[in-house]
Trainee: 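Before I ask anything, let me first share the structure, which is written out below as structure tokens.
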Amino acid sequence: IWISKNVNISNDKNIILFAPTEREKGNPSPISNLMNCYEFINTINQMGLNIYYSQHIHDNNNVPILSSVKTNFNGNWSKVLAVVTDYSSIGADFLYSGGYKTIYFTVDYEDFLISSGIGPLMDFEFNKASECKSVKELLELINHLSKSYLSYKNEKRFFKNSLYFHLIH
């Protein structure tokens with residue numbers, strides 16, 4: 001409920017929230033590894049987007065993340081354009097609360113399936129979102145989202161200024 005009350009407050013969504021699921025002790029998630037890759041982070045920043053990171057609450061690995069390029073998520077859902085997760089329920093929570101987009105980054109699907117299993121609703125959640133199995137796919141989708149959101153925002157602004165909008169309100 002709290003997410004849904006706060007997810008649509010802002011029309012200026014420029015944050016990609018990365019929220020990995022915990023892994024076995026000593027094994028960082030692929031998402032955590034991306035948060036240590038300057039090239040990946042710079043590519044997203046060049047799209048005009050900011051990166052926020054949310055460590056899984058049960059993650060005891062304490063994977064070091066580049067402090068100069070990420071911001072710990074503080075719960076401000078209003079500016080989140082997309083949530084990128086792997087197998088965490090935060091993706092479904094975001095979507096069902098009215099969030100713009102969830103992306104599942106499942107590059108280690110087989111390994112995760114063997115070590116942790118997949119929840120009974122995971123296939124359902126994947127069907128409601130987008131799934132990327134490579135970094136290239138992930139960057140292409142984020143770039144597309146960034147451009148399509150700007151287009152959506154401009155259409156919304158145009159509609160509010162249109163004669164039709166003023167006639168119906």
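Along the sequence shown, residues carry numbers from 1. Bear in mind the structure is a predicted one, so any value in this text is a computation, not a measurement.
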Trainee: Which pair of heavy atoms, one from Phe105 and one from Asp86, lies closest together, and at what distance?
Mentor: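 Here Phe105 and Asp86 meet closest at O-CB, 3.3 Å.
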Trainee: At their closest point, which heavy atom of Ser88 faces which heavy atom of Thr21, and how far apart are they?
Mentor: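 Between these two residues, the closest heavy atoms are N-OG1, 2.9 Å.
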Trainee: Do the side chains of Phe18 and Ser32 get nearer than 4.5 Å, heavy atoms only?
Mentor: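 No, too far: nothing below the 4.5 Å cut-off.
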Trainee: Find out whether Val80 and Tyr100 are in side-chain contact, i.e. whether some heavy atom of one side chain is under 4.5 Å from a heavy atom of the other.
Mentor: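 Of all side-chain heavy-atom pairs linking Tyr100 with Val80, none is under 4.5 Å.
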Trainee: If I compare all heavy atoms of Ile51 with all of Met35, which pair ends up nearest, and what's the gap?
Mentor: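 What the structure gives for the nearest pair is CG2-SD, 3.7 Å.
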Trainee: Which atoms form the tightest heavy-atom contact between Ala92 and Tyr104, and what is the distance?
Mentor: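 Closest approach of Ala92 to Tyr104, heavy atoms only: N-OH, 3.4 Å.
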Trainee: Are the aromatic ring centres of Tyr87 and Phe112 under 6.0 angstrom apart?
Mentor: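 For Tyr87 and Phe112, the ring centres are under 6.0 Å apart.
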Trainee: For Glu140, check side chain to side chain contact (heavy atoms under 4.5 Å, CB included) against everything at least two apart and list the hits.
Mentor: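 With sequence neighbours excluded, Glu140 shows a side chain to side chain contact (heavy atoms under 4.5 Å, CB included) to Lys136, given in chain and number order.
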Trainee: For the pair Leu81 and Ile142, evaluate side chain to side chain contact (heavy atoms under 4.5 Å, CB included) and give the outcome as yes or no after the intermediate values.
Mentor: CA-CA 9 Å; Leu81 175 64; Ile142 291 171; over 6 Å; no
Trainee: Pairing donors with acceptors under 3.5 angstrom, does anything connect the side chains of Thr102 and Lys128?
Mentor: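 On atom types as modelled, these side chains do not qualify, holding no pair under 3.5 Å.
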Trainee: Applying side chain to side chain contact (heavy atoms under 4.5 Å, CB included) to Asn50 and Ile16, what does each step give before you reach the verdict?
Mentor: CA-CA 6 Å; Asn50 297 310; Ile16 304 294; over 6 Å; no
Trainee: With sequence neighbours left out, write down each residue that passes side chain to side chain contact (heavy atoms under 4.5 Å, CB included) with Leu139, or none if nothing qualifies.
Mentor: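 Per chain and number, Leu139 pairs via side chain to side chain contact (heavy atoms under 4.5 Å, CB included) with Phe40, Thr43, Ile44, Met47, Val135.
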Trainee: Going hydrophobic residue to hydrophobic residue with side-chain gaps under 4.5 angstrom, can you get from Val83 over to Leu95?
Mentor: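 No, separate clusters.
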Trainee: Measuring from Asp108:CG to Ser116:OG, what's the distance to the nearest 0.5 Å?
Mentor: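 Here the interatomic distance stands at 9.0 Å.
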Trainee: Nearest 0.5 angstrom please: Ser146 OG to Leu49 CG, how far?
Mentor: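 Interatomic distance, Ser146 OG to Leu49 CG, rounded to 0.5 Å: 4.5 Å.
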Trainee: Out of curiosity, Asn42 CG to Gln46 CD, how far, rounded to the nearest 0.5 Å?
Mentor: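 So the CG of Asn42 and the CD of Gln46 are separated by 6.0 Å.
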Trainee: Is there a donor-acceptor contact under 3.5 Å from the side chain of Ser97 to the main chain of Phe94?
Mentor: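 No, the answer is negative, given that no donor and acceptor are paired below the 3.5 Å cut-off.
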Trainee: Can you tell me how far the CD1 atom of Ile31 sits from the CG atom of Asn36, to the nearest 0.5 Å?
Mentor: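 That separation rounds to 13.0 Å.
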Trainee: Does the pair Val84 and Leu34 meet the rule for a side chain to side chain contact (heavy atoms under 4.5 Å, CB included), with working shown?
Mentor: CA-CA 11 Å; Val84 177; Leu34 287 176; over 6 Å; no
Trainee: Indicate the atoms forming the closest heavy-atom contact of Gly48 with Asn14, along with that distance.
Mentor: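 The pair with the smallest heavy-atom distance is O-CB, 4.1 Å.
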Trainee: Heavy atoms, side chains only, cut-off 4.5 Å: are Val107 and Lys133 in contact?
Mentor: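 Not touching, per the 4.5 Å side-chain cut-off.
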Trainee: What closest approach, in Å, do Ile90 and Ala19 show between heavy atoms, and which atom pair accounts for it?
Mentor: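 Minimum heavy-atom contact is CG2-CB, 3.8 Å.
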